[in-house]
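Fair warning: this is a prediction, and the values are worked out from it, not measured in the lab.
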Amino acid sequence: MVETWTPYAQAIFEIARDTGKEEKYMSDLESLSSIWQQEKDFVLALSHPKIAKATKKTWLLNLFEDRLDATMMQTLLVFNEHDVIANLPQIYQAYLMCYRDAHDIEIIKVESASELDAKQKSSLKQMLETKLNKTVELDIAIKPELIAGMKVCTRDMVLNNTVLSRLEAIKEKISG
């Protein structure tokens, strides 16, 4: 059993990069991933060991041959042959990681005590891009329990400027 789907994603990404279709394949994989997440019975059928691979191949061709280019269609058929077709959403996530790494894009997790307006998001994004010297995508979660402020987590650092973290630091000093 494959523990990581990165090798599959890397193979697709290399083909996409070589053919200038990185965004196209990302979009195709996103659409397919969405279908896989919505159509649980279909995915169960695709992964069922008692249904012949030839039958599953026919289903895939009937459903997607007109929607996908030949390379992406062939990729689905290879996934079917290797019994990893049910894991397409995980392969899509791994593809996104390959894409982001190749384009120097980092997802920054931000926890904020309150909703950030568009100007605050833009300012934070700009500041982080300048500091990190890369393109940044913000993944923002609202956590009122932080009381005020925000926590920013990158691959290499954590900036915690929340009232909760300050209160915890004061509590530590008092207790020991």
Compare all side-chain heavy atoms of [X] with those of [Y] and state whether any distance is below 4.5 angstrom.
X: Leu138; Y: Val136; value: yes
X: Leu88; Y: Val43; value: no
X: Val110; Y: Leu124; value: yes
X: Tyr25; Y: Asp69; value: yes
X: Glu106; Y: Thr135; value: no

task: Using a strict cut-off of less than 4.0 Å between a Lys/Arg side-chain nitrogen and an Asp/Glu carboxylate oxygen, indicate whether Asp28 and Lys21 qualify as a salt bridge.
output: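 Between Lys21 and Asp28 there is no salt bridge, as every charged N stays at least 4.0 Å from the carboxylate O atoms.
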Problem - Pair Glu22 + Arg17: basic N to acidic O under 4.0 Å - result: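 A salt bridge is absent here (no side-chain N lies under 4.0 Å from a carboxylate O).
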The single option from Lys125, Lys131, Gln126 that satisfies side chain to side chain donor-acceptor pair (under 3.5 Å) with Glu129 is Lys125
If only atom types and distance count, is the side chain of [X] paired as donor or acceptor with the main-chain N or O of [Y] below 3.5 Å?
X: Lys56; Y: Leu46; value: yes
X: His103; Y: Ile105; value: no
X: Gln120; Y: Asp117; value: yes
X: Lys24; Y: Ala16; value: no
X: Thr75; Y: Thr71; value: yes
X: Ser31; Y: Ser27; value: yes
X: Ser34; Y: Glu30; value: no
X: Trp36; Y: Ile85; value: yes
X: Asn87; Y: Gln90; value: no

[X], [Y]: one ILVMFWY side-chain cluster at the under-4.5 Å cut-off?
X: Ile51; Y: Leu76; answer: yes
X: Leu132; Y: Met97; answer: no
X: Met127; Y: Val152; answer: yes
X: Trp59; Y: Met72; answer: yes

Take Asp101 and Arg155 through the test salt bridge (Lys or Arg N to Asp or Glu O under 4.0 Å) and record every step on the way to the result. CA-CA 12 Å; Asp101 285 346; Arg155 285 184 189 166; 3.0 Å; yes
Query raised in the report: Run the side-chain contact (heavy atoms from CB on, under 4.5 Å) check on Glu81 and Leu77 step by step: do they pass?
Result: CA-CA 6 Å; Glu81 284 300 313; Leu77 298 178; 5.8 Å; no
inquiry  = Between Lys53 and Asp83, is the salt bridge (Lys or Arg N to Asp or Glu O under 4.0 Å) condition met? List the steps.
reply    = CA-CA 9 Å; Lys53 288 181 183 178; Asp83 293 320; 3.4 Å; yes
Item checked: Residue Asp66 excluded, over 12 heavy atoms near CG under 6.0 Å -> no
Measure up the Tyr95 and Phe13 rings against each other and bin them: parallel (under 30°), tilted (30 to 60°), perpendicular (over 60°).
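The arrangement is perpendicular - the two ring planes meet at more than 60°.
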